Amino acid sequence: MNRRKEFHGKHHRSKEKSILSTLPQDQQSAVKENFSAQEVELDSTLDHIAIVKEDESYKVYNKCFFITAIIALFGMIDVAFNYKRQDTMAIIEKEAVRE
């Protein structure tokens, strides 16, 4: 996230320099104040975006883990019934061999 902030900060400062070079001296202080306010707002927005992104990543991870757990649970239940079927099949085969 710091690299993103650095990138936006550099880009913001370069835009500020290009705009300040075209303005007269008396208007530059007002423009500098506007740019500093925008930079503070941009930093807070990027922080908020990082928090939201992290929260959403956790939600997606939790959903994936939940789905995997449900699939594993169905698999464990299925294994128990398959084992019983194998025992039944073995008994049926033994009876068929005896006859």
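Please read all numbers here as calculations on a predicted model, not as lab measurements. Just so you know, residue 1 is the first one in the sequence shown, and it goes up from there.
- Through side-chain heavy atoms spaced under 4.5 Å, either directly or across other Ile, Leu, Val, Met, Phe, Trp or Tyr residues, I51 is tied to no other residue.
- Residue pairs meeting the salt bridge (Lys or Arg N to Asp or Glu O under 4.0 Å) criterion with at least one member in residues 55-70, sequence neighbours excluded, are E56-K59.
- Between the CD atom of Q38 and the CG atom of D43 there is a distance of 12.0 Å, given to the nearest 0.5 Å.
- Think of I67 as one node in a network of Ile, Leu, Val, Met, Phe, Trp and Tyr side chains linked at under 4.5 Å; its network also takes in I71.
- In this structure, CD on E16 lies 10.0 Å from CG on N34, to the nearest 0.5 angstrom.
- Once rounded to the nearest 0.5 Å, the distance linking OG of S36 with CD of E41 reads 11.5 Å.
- Here the CD1-CG distance, from I49 to L42, works out to 8.0 Å after rounding to the nearest 0.5 Å.
- E39 pairs by the side-chain hydrogen bond (donor to acceptor under 3.5 Å, both in side chains) definition with R13, not counting sequence neighbours.
- Rounding to the nearest 0.5 Å gives a distance of 10.5 Å between NZ of K10 and OG of S14.
- Taking Ile, Leu, Val, Met, Phe, Trp and Tyr as members and joining any whose side-chain heavy atoms lie under 4.5 Å apart, directly or through other members, the hydrophobic cluster of I70 also contains F66, F74.
- The ring pair (Phe, Tyr, Trp, His ring centres under 6.0 Å) analysis of residues 32-63, with sequence neighbours excluded, yields the pairs H12-F35.
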